[in-house]
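Dropping a structure here in structure tokens format, bear with me for questions.
Only a predicted model underlies this, so the values are computations on that prediction, with no experimental measurement involved. Both counts, for ligands and for their atoms, begin at 1 and track the order of listing.
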Amino acid sequence: MTFATLGLIEPLLRALETLGYQTPTPVQAQAIPAVLAGRDLMAAAQTGTGKTAGFALPLLQLLTMEGPKVAANSARALILCPTRELAEQVHASVAEYAQHLPLTTYAVYGGVSINPQMMKLRKGVDILVATPGRLIDLFRQNALKLNQLQTLVLDEADRMLDLGFSEELANIYRMLPKKRQTLLFSATFSDDIRLLAGQMLNDPLSIEVSPRNVAANTVKQWVVPVDKKRKAELFVHLMRKGRWKQVLVFAKTRNGVDALVDKLQGLGINADGIHGDKPQATRQRALDRFKASEVQILVATDVAARGLDIEDLPLVVNFDLPIVAEDYIHRIGRTGRAGNTGEAISLVCADEVNMLSAIEMLTRQTLSRKMEPDFEPEHRVPDTDASGQVVKKPKKPKKPKTSGSGGKRNLGKWVDSGDVAPAEPSIKPVRKVPVFNTGPRKKK
Ligand code: AMP
């Protein structure tokens, strides 16, 4: 199968040739003809499967072939993304695919001044990529009208709900014309997302290119059990032993990111960090430098877990396990992309056993454990498996405790409440699903 046999027009084929795309990926093979035929779509596709081109290529074709010229302060297609980074990245891909087409594209998101965005929207844009909060701001300030909208794409819809955007999505839904095409993409498909899809989509075609909630099998994954207080030391040890070149590291909190970056920089290691407390420009610069291999170790919170496409990233390290098990799939999806192989190593301490168990249950696998000599934990990580059971073996007779070991940890406290910055919504483990089309409109 080729892109030409899927019915794509010549300017798109030319762009794909320049980009070196030869064969459509499975999600592209299914999505492209369906979107061209005008169908609504509900696609469960893992990160790195080529889903962006799966929706962007047919969307660009439809906008070129059909519909009126874009009006002032309007958009003909809207792509909603959960984070600023993803919005930038999706926009960059769309602009590349559109390079030979007479269409305009633009991305808007929070954390930067709204005025240039309002100016840019004056002439209207064919494709607008947006994060939900900024889109609503622009709409409320009359900088954007949505009555010309032909297509809505929800990218990483599950993430939008995880980030607490359910109310924003309900508001946006009310701003849209009833007659439109809607494409919903999500790496994982929870029951909440299926409910949302039921409300937003019209007779959608379901596409599932990989088994539900299973991590890409191109990623070799394992766990290194370790005591919490020795994680940083173990990280440096593994890094030197494995001669790691480029690593994306995930830490649970913003403080955790800063502490690890400080430690690594203190050792003369080329490291940088990104999290929601840092200004957008600083985050983007760190990411660009990492992509250009000018930074060796990038430490991030889950803000960076989704959508970031870094070519040939060989290794992801979970310095801490994610609070939401689905984020594990997104984190490790940063490696093993587009058919390459990758490795994902998780440094797991006893406090994290419930998170480990949740991940194994979700991904239906028991992660293998590799004990690192000299780093065997004092606090044993209980056995876990894909059934969700945590097996606490009877304790061995204890060695006398060394002083200053830090004492017991609070097993239930996974999030530092003081660590949630105002710029980013906090991750809510319990999701609220909006009910659309009911009740009076809320005024803010
Ligand atoms: P995505 O899942 O959309 O983030 O895409 C993952 C990566 O695969 C990106 O670097 C794309 O440029 C690349 N890609 C997408 N489709 C193809 C294709 N058909 N052939 C080769 N690379 C692709």
G50 versus ligand 1: do any nitrogen or oxygen atoms come within less than 3.5 Å of each other?
yes
Pick one of side chain, backbone, both or neither for how F185 approaches ligand 1, counting any non-hydrogen atom pair under 4.0 Å.
neither
Quick one: which ligand 1 atoms are inside 4.0 Å of a heavy atom on T52?
1 (P), 3 (O), 4 (O)
For ligand 1 and Q22, I'd like to know whether there is a polar contact (N/O to N/O, distance under 3.5 Å).
no
Checking R369 against T384: is there a side-chain donor and acceptor pair closer than 3.5 Å?
yes
List for me each residue that meets salt bridge (charged side-chain N to carboxylate O under 4.0 Å, His left out) alongside D126, sequence neighbours excluded, and say none if there are none.
R76
Is it true that K231 and E352 make a salt bridge, defined as a side-chain N closer than 4.0 Å to a carboxylate O?
yes
Polar side chain donor-acceptor pair, Q365 to Q221, under 3.5 angstrom:
yes
So, using salt bridge (charged side-chain N to carboxylate O under 4.0 Å, His left out) as the criterion, who are the partners of E294 when residues are at least two apart?
R289
Could you tell me, atom by atom, which parts of ligand 1 come under 4.0 Å of a heavy atom of T23?
18 (C), 19 (N), 20 (N)
